[in-house]
Amino acid sequence: MNKEQLNAMRHSLAHITAQAVQRIWSGAKFGVGPVIENGFYYDIDIEEVKISEDDFSKIEAEMRKIIAADYLFERSEKSIEESIKWADEAKQPYKTELLNDLRRSGTTLAKDLDPAEMGTIAESGSGVDTVSFYTDGDFTDLCRGPHAESTGRVGAFKLMRVAGAYWRGKETNPQMQRLYGVAFATQEELDAHLNMLEEAKKRDHRKLGEELEMFTFSEDVGKGLPLLMPRGSVIKNLLSRYMRQEEEMNGYKYIDTPVITHERLYEKSGHAKFYSDDMFSMVDAEGQKFYVSPMNCPHHHQVYVKLVESYNDLPLRLAEHAGLYRHELSGTLTGLIRIRGPITQNDAHLYVTKDQLKNEFKKVLELFRHVYEVMGVEDYWYRLSLPDFDKDKFEGDKNVWQESGDIIRQAMDELGVKYIEAEGEAAFYGPKVDVQTRNVLGKEDSIATSQIDVLIPERMDLAYVDSDGNKQRPIIIHRAILGSIERFMGFLLEKTAGWLPFWLAPEQVRILTINETVNDYVDEIVSILSDIVLMKPLKYNEVRFTTDNRNESLGKKIREATAMKIPVQLIIGPRDKENREISVRTQKGEEKISLNSLREYLEGV
RNA sequence: GCCGCCUUAGCUCAGCUGGUAGAGCGGUACUUUCGUAAAGUAUAGGUCGCCGGUUCAAAUCCGGCAGGCGGCUCCA
């Protein structure tokens, strides 16, 4: 079965879902029912009725009846006038709305419609004259098609969940009930998909984070405000130290700036205007208003002003690991992936001349590549976001936007990196490059970003004197490689299923004793481990280890150490002591090493 | 923020149509000194998320709040 056939099948199932719902609740009003990754949904509005997951068996049973009846999907056409009449008579106001948009503009895509016109009545228009309908048995729906031949040919499906969704994605519109289903050509493929979802649940970073004692939440502290426990704090610290090490080797200077900031600064930077809903704020006892910093770009610009006089001072690369706070909508918070704070951006701003831009941007991309290689991030690509010059509102000089977009493109081409372009996704101050990857569920996710800022230097009056003695504006490259360190931790946990690389494991080594007779030998091992300093990839890193000499069986000690995903377990019994050996247990298996080779062994893990 | 679902011991969960709380794991004590994923016995843990209502009686029914989960980008 090819992609088109699969989509037709999934779309047919969307119709069948609506048909079943209509048989059960005759007053149901329908929105749209498109194909999505792995399945379909249908937006439904039933007055007085809230569909719950308990209703799924009933709906699915009705769907099976429709499938068993094997109705043909029959296409027909109507003029737009007739169609609107049909929708009115059928009491399908959402369809009427769609038809009006089709008549006026020839599309129903929200992004292509003028928001002021969308959904309004159109007496005439330059859109379409006729539209198509599909009928299967007792159900007819406005639809572009195509469909499966008949309702009997729709493969294997399962209704998954029902969720609220605003009509056409707008918060001011009524909220509909969106019924989600997954569908595949065969039962085997469906089962494989459901199985994959089960497996993904096991590596959910929220679950792993609690199990591995890395972080937790407290309702008294507040939602979206994680508490890193000792093990989580170790990881955060290591990631932060590692990035600082790499960046300092690449000429970055670290600075530290305050968590709260007077509103003046954010007014100058434009954040107060564009970003105020996302900022926490407070008023002090003297009536002055402060924001809790959601980003430290403006602060860095303040430092720039103090450090830069002439082109000889450029490029200037300022970096910081500050704890930032952002007021994300409460419903969007998830684990460490989306938090309110502290968000430790692995942030840096590079102030460059126009001549330096391309080369500096290439160095940024090379640093990305190096860091991801060390972190074991493999499947990623870049997404170049430019404004849609025809439609988007963007501030500043169009030529500068275009020019800097071209320079980014050249830099990526010259390095041969993989990227796609996306119009209309740019930040308000310049074009940007996002690093995209897939999460365990196969969904696309942004892990980091690099933006060019063509607007702020003007607005914040950042300047330098060039070799001819003229005042010039610098260009700013704003970049984060790990994104936020908290978020990256979550990403790594899911990617590795909790088995972090050795250098990042909060507890790298655990000594498990068999009985008390080996205590003196264990002391010897402990003193050796205490002296070992590992050098890769983070320099001067002491070995993090503990000893489990409790009065428990070896089996239990192994079980617990493995549950905590301790990468290296050293098992010490009388025989090891006698031979001056160590039994090493890792995910790969068991082996014996001599006491003398312990340091060498750990350097190689 | 909005919609739906969920919240019982440290953890995982049971508790039917209201009669006032249970298991396994974990914890603790004692016994056991043990070679690659759970030793044995005993024992202590809970204002059933919080606040209010209905009732002779609420973990259970109703309302509000808080927290968690899924979604709100995919467009006839």
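Computed from a prediction, not measured in an experiment: that's the story for all the values here.
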Could you tell me the separation between the CG atom of Asp43(A) and the C1' atom of C74(B), rounded to a whole number of Å? 11 Å

Syn/anti state for G45(B) [syn: chi within 90° of 0]: syn

Taking pairing as Watson-Crick or G-U wobble with both contacts under 3.5 Å, can you name the mate of G35(B), or confirm there isn't one? none

Near Lys592(A) NZ, under 6.0 Å, is it more than 12 heavy atoms from other residues, nucleotides or ligands? yes

Lys78(A) near the nucleic acid: base, sugar-phosphate alone, or nothing, with a heavy-atom cut-off under 4.0 Å? nothing

Base, sugar-phosphate, or nothing: which does Lys95(A) touch, judged by heavy atoms less than 4.0 Å apart? sugar-phosphate

Starting at CG of Leu333(A) and ending at P of G70(B), how long is that distance when rounded to a whole Å? 12 Å

Assign Gly573(A) to base, sugar-phosphate, or nothing according to its heavy-atom contacts below 4.0 angstrom with the strands shown. base

Starting the side chain at C-beta, find the nucleotide from A76(B), G70(B), U33(B) nearest to Glu516(A). U33(B)

P gap between C62(B) and U47(B), integer Å: 25 Å

Has the side chain of Gln175(A) got a donor or acceptor atom sitting under 3.5 Å from an opposite partner on the base of C2(B)? yes

Taking only N and O in the side chain of Lys556(A), is any of them less than 4.0 Å away from OP1 or OP2 of G26(B)? yes

Are side-chain N/O atoms of Thr546(A) and Glu507(A) paired as donor and acceptor at under 3.5 Å? yes

Any side-chain N or O of Ser553(A) under 4.0 Å from OP1/OP2 of A39(B)? yes

Can you tell which of G35(B), G1(B), A76(B) lies closest to the side chain of Ser330(A)? G1(B)

Nucleotide nearest Thr108(A) (side chain, heavy atoms from C-beta), chosen from A39(B), G71(B), C75(B): C75(B)

Checking contacts here: which listed nucleotide (C74(B), G35(B), G71(B)) is nearest the side-chain heavy atoms of Tyr41(A)? C74(B)

What does Gly331(A) touch in the nucleic acid at a heavy-atom separation under 4.0 angstrom: a base, only the sugar-phosphate, or nothing? base

A9(B) and A59(B), which share atom name C1', separated by this distance in whole Å: 14 Å

Run the side-chain contact (heavy atoms from CB on, under 4.5 Å) test on Gln587(A) and Trp499(A) for me, step by step, so that the C-alpha distance in whole Å, both residues' side-chain angles and the decisive distance to 0.1 Å come before the verdict. CA-CA 9 Å; Gln587(A) 263 192 296; Trp499(A) 289 98; 3.4 Å; yes

Watson-Crick or G-U wobble partner of G46(B), both distances under 3.5 Å: none

Nearest to the side chain of Arg575(A), which nucleotide is it out of G35(B), C75(B), U36(B)? G35(B)

How far, in whole Å, is G63(B) from G45(B) if one measures between their P atoms? 36 Å

Could you check how far CZ of Arg510(A) sits from C1' of A37(B), rounded to whole Å? 13 Å

Interatomic distance where CD belongs to Glu560(A) and P belongs to A38(B) [whole Å]: 11 Å

Measure from the side-chain N and O atoms of Arg487(A) to the backbone N and O of Ile337(A), and report whether any donor-acceptor pair falls under 3.5 Å. yes

Which nucleotide in G4(B), A39(B), A76(B) has an atom nearest any side-chain atom of Val162(A): G4(B)

Heavy-atom donor-acceptor pair, Thr517(A) side-chain to U33(B) base, under 3.5 Å: no

Counting just side-chain N and O atoms, does Arg585(A) come under 4.0 Å of either OP1 or OP2 of A37(B)? yes

Let's see if you can work this out: which of A39(B), A76(B), C72(B) has an atom nearest to the side-chain heavy atoms of Tyr166(A)? C72(B)

Between U20(B) and A57(B), how far is it from one C1' atom to the other, in whole Å? 8 Å

Can you tell me the distance, in whole Å, between the CE atom of Met176(A) and the C1' atom of C72(B)? 13 Å

When rounded to the nearest Å, what value does the distance between P atoms of G35(B) and G46(B) take? 39 Å

Find the partner of C69(B): check Watson-Crick (N1-N3 plus N6-O4 or O6-N4) and G-U wobble (N1-O2, O6-N3) distances, both under 3.5 Å, and reply none if neither fits. G4(B)

C16(B) and U7(B), which share atom name P, separated by this distance in whole Å: 12 Å

Phe30(A) and ring-ring contact (aromatic ring centres under 6.0 Å, His included): which single residue from Trp167(A), Tyr42(A), Tyr41(A), Trp25(A) fits? Tyr42(A)

Rounding to an integer number of Å, can you tell me how far Lys201(A) NZ sits from U12(B) P? 14 Å

Out of A76(B), G35(B), G1(B), which nucleotide sits closest to the side chain of Leu329(A)? G1(B)

Protein-nucleotide distance (Arg559(A), atom CZ; C11(B), atom C1'), rounded to Å: 13 Å

Arg203(A) side chain to Glu494(A) main-chain N or O, any donor-acceptor pair under 3.5 Å? yes

Mark yes when over 12 heavy atoms from residues, nucleotides or ligands other than Asp379(A) sit less than 6.0 Å from its CG; otherwise mark no. no

Arg340(A) side chain, from C-beta outward: closest of C72(B), G35(B), G1(B): G1(B)

Rounded distance (nearest 0.5 Å) linking atom OH of Tyr380(A) with atom OG of Ser446(A): 14.5 Å

Integer angstrom distance from the C1' of A29(B) to that of A66(B): 39 Å

Arg178(A) CZ to C75(B) C1': how many Å, rounded? 9 Å

Determine, step by step, whether Gln177(A) and Asp45(A) satisfy the side-chain hydrogen bond (donor to acceptor under 3.5 Å, both in side chains) criterion, reporting the C-alpha distance in whole Å, the side-chain angles of both residues, the deciding distance to 0.1 Å, and the verdict. CA-CA 6 Å; Gln177(A) 304 185 67; Asp45(A) 177 9; 5.8 Å; no

Would you mind classifying the nucleic acid contact of Arg206(A) as base, sugar-phosphate or nothing, using non-hydrogen atoms under 4.0 angstrom? sugar-phosphate

Does C61(B) pair with anything, Watson-Crick or G-U wobble, both distances under 3.5 Å, and if so, with which nucleotide? G53(B)

Give none if U12(B) has no partner; otherwise give the nucleotide forming a Watson-Crick or G-U wobble pair with it, both distances under 3.5 Å. A23(B)

Are Lys223(A) and G68(B) close enough that a side-chain N or O sits under 4.0 Å from OP1 or OP2? yes

Considering every strand and a 4.0 Å limit on heavy-atom distances, what is the contact class for Arg144(A): base, sugar-phosphate, or nothing? base

By nearest heavy atom, map Gly335(A) and Glu219(A) onto RNA chain B; which one lands nearer the 5' end? Glu219(A)

Work out how far the C1' atom of C13(B) is from that of A21(B), and round it to whole angstrom. 14 Å

Can you check whether any acceptor in the base of G35(B) is under 3.5 Å from a donor in the side chain of Asp576(A), or vice versa? yes

Base of G1(B), side chain of Thr332(A) - is there a donor-acceptor contact under 3.5 Å? no

